[in-house]
Amino acid sequence: MEKRVRVRFAPSPTGGLHMGGVRTALFNYLFAKKHGGDFILRIEDTDQTRFVAGAEQYIVDALTWCGIKPNEGVGFGDGPHAPYRQSERKESGIYAKYAQQLIDAGYAYYAFDSSEELDEMRKRLEAAKVVAPQYNAVTRQNMRNSLTLPEDEVKRLLESGAKYVVRLKVPRNEEIRFEDIIRGWVTVNSSQVDDKVLLKSDGMPTYHLAHIVDDIEMKISHAVRGEEWLPSAPAHILIYRYLGLEKEMPKLAHLPLILNPDGNGKISKREARFPVFPLSWQDPREAMPYVGYKESGYYPEAFVNILALLGWNPGNNEELFSLDELAALFDFERVNKSGAKFDPEKAKWFNQQYLRKHSDADLANAFKPLLHSKGIARSDAFLAEFCRLMKEKVHFVHEFWEQGHYVFEAKEVLDEKVMAKKWNDKSKALFTLVQDSFITVSDWQTQVLHDTFEELVKAHGKIDMQLLRVLITGVAGGPQLFDLLALLGKDEVLARLGKSLGKLN
RNA sequence: GGCCCGUUCGUCUAGGGGUUAGGACGCGUCCCUUUCACGGACGAAACACGGGUUCGAUUCCCGUACGGGCUACCA
C-alpha cells in the first residue's frame, strides 16, 4: 500500500522567505493537495548563531498571504507531531537518541577537533595540493576523534565535558545511488562525501541529522526541496541506511532553482531590480526594507500563478490558473530539470490578467485608499467609471494614479512633444470654436460630445484630437477621449480648456 | 579546482527518431481608430558544438563548450 502523502516545507528562520522558498512551499502544497495528503510547516532553527528575530513570523505571514496554508505546523495550529520547531523538538532528546544509535552501530563517531585544528587541516591539505580538503575516511586518521584516540582517552574526554561533535562515518569508496523523482538516478562515490557533522558541539543537531529524524518521526512521504540540496543527498541516503530506515525513507524530489533574469546565479535580494520577497521584509540587521510583491501591487493569486509556471507547466498552452486548478493539475513529471530565469516583465503581465478580472467597483474600492492618501475624494460612481476607462492600460492598482492622476488634478505643463509638433498659428482659433461649442452642450455625455465634435469637423475641417486631449489633460495618452471628457464633467473641461487656451497664442 | 545537475526563440516553455519545431511575455508591422488603449491579423526570433547509432537525429549515446549548484560545528 502506498504511504499517505505527507510533505513538509522546512525553512530556517535566518531571514525573509524569498520567492524561491515560496515556490518550494507551493510545490509541496500542490502535491499534498493533489493527493489529498498533508502539508506541514516545520521550522529548522538549529543554527542559533543565524537566528533572525521576526523571520519565523514572516514565513507564516508570507505563506498565509499566498494562500499556501499548511494543515500542520508552526503558526498553523500545530498538530499530532508537535512541536514543529526543531529547537523545541531537541528538548525531548530525540536527535541525540538517533545519533547515539549511529554511534553504537559504528556508523558515527566523536570528534574533538577545535575549529583552529580544522582550519589547520584544511590549510595543510591545500598546501599538499589536495583538490577537495575535507574531513573524511582518509583525513580523519590524523585528527582527534574516537576512531584515532585510545578508548580510555575518549572516555576521559567525554566525562571531563570536553567539546565534541558527532560525525557520520562515511565509507572510503562506495557507490551511492539514489533515485530522484525529477532527475532520475543519481550516482555519487562516497569519497566525494565528507564526514558530516550530525551533532554540533552546542548539542544541536545539524540540518543533516535533524531533517532526517523529523521526516521519519513525522512520517514524511516525499522530501521536496531545492536543487542546492542535491550534493548532500548521498550523505542523507547513508544516514537512512545506517539507521536501518531505508525503506521508510521519503522519496526525493529536487526542484530546479529560480535564477536571476540578468547576470548569473540564483536570485539575490541585494542586486535584484524587482521584488524578491512576497511581503516587504525588514531585516533587523539592515537599514532599508526590501519591498515585497504585495506592496508592489501584486495580487497573491498572480504571484502564485507566476511561481507555479517557473519550472512547471501543465502541458498545454494555458497559463492562468488558480491555486485549486494548480493543485488539480500538478505533477512532478511536468517539473523541469533546468533552472528558470525569472522574467519581471512577464510577471507584470500576469498581474494585469488578474487585475482585469476584477469589476470596476472592486478596482475603485482598491484604489480609493491611495486616492485618499493624496487628499482626494470622489464618488464611488465616479471612481468606478474612472477605473472602467483606465483598467485596460494598467498592470497594478497603483498605476491608476500614476497613469490617471491628471483626472484628479489638472497638470500645469502640457505635453511638450505634442504641442511642439501640432500646435500652430491656426490652432487657437480652432480650439476656441471647440470651446464655444462645448459651452452649448447641455447633455454632457460621451455620445453627445462625440457628435458635437463631428459637426465641428464637418464645418471647419480636421481638428486634432490628440491636441484637444493635451489641452485638457496635459498628457499625450489616456483612455477614450470623449469618455474621459464625460467623466471630467462640463465645468472641469471648460475650465481646463479655457486655462490652456489663455496661456497660448 | 573537484564533484553533481542541467542546455529548444532574448525570457518562460511545448514537443519529440521523419513536424512548415507550437504557445506565452517582450519586440515590430498592419487592421480597427481623427486621440489613447484594448482587441484582431501578421512578422522577426530557438533545437550549444563535435562525434557516433540510424535509411533518417533537434529527439538516443559519448565527448566538448557553456550555465547552475555544492564544496562549514549554515540551512
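Values below: all heavy atoms of this structure, side chains included; hydrogens, waters and symmetry mates excluded. Below, read A as the first sequence line, B as the second, and so on, with proteins coming before strands; counting in each chain starts at 1.
- Listed pair A/R50 / B/rA75 fails the phosphate criterion, with no side-chain N or O lying under 4.0 Å from OP1 or OP2.
- Residue contacts shown for A/G226 are absent, as no nucleic acid heavy atom lies under 4.0 Å away.
- Considering only side-chain N and O atoms, A/N336 lies under 4.0 angstrom from the phosphate OP1 or OP2 of B/rA14.
- Distances shorter than 4.0 Å separate some side-chain N or O of A/N313 from OP1 or OP2 on B/rA14.
- Spacing of C1' atoms, B/rG39 relative to B/rA75, comes out at 49 Å, to the nearest Å.
- With hydrogens and angles left out, the side chain of A/R183 and the base of B/rC5 share no donor-acceptor pair within 3.5 Å.
- Using a 4.0 Å cut-off between charged nitrogen and carboxylate oxygen, A/K348 and A/E399 do not count as a salt-bridge pair.
- By the 4.0 Å N-to-carboxylate-O rule, A/E126 lies too far from A/R122 to be salt-bridged with it.
- Of the side-chain N and O atoms in A/R23, none sit less than 4.0 angstrom from OP1 or OP2 of B/rC12.
- Nearest-nucleotide assignment on RNA chain B puts the 5′-proximal partner with A/V188, out of A/V188 and A/K393.
- The shortest distance between the side-chain N/O atoms of A/R334 and the OP1/OP2 oxygens of B/rG15 is below 4.0 Å.
- Side-chain N/O atoms of A/T46 include one lying less than 4.0 angstrom from OP1 or OP2 on B/rA75.
- Residue A/K341 has no polar side-chain atom (N or O) positioned under 4.0 Å from OP1 or OP2 of B/rU13.
- For A/K391 and B/rC36, the shortest distance from a side-chain N or O to OP1 or OP2 is not below 4.0 Å.
- A 4.5 Å side-chain heavy-atom check between A/D415 and A/V475 finds every atom pair outside the cut-off.
- Contact check, A/K337 against B/rU13: no side-chain N or O comes under 4.0 Å of OP1 or OP2.
- Side-chain atoms of A/S191 and A/N189 form a donor-acceptor pair, as typed in the model, at a separation below 3.5 Å.
- An OP1 or OP2 oxygen of B/rC73 is reached within less than 4.0 angstrom by a side-chain nitrogen or oxygen of A/R122.
- In this structure, A/Y207 places its OH atom 12 Å from P of B/rU71, rounding to the nearest Å.
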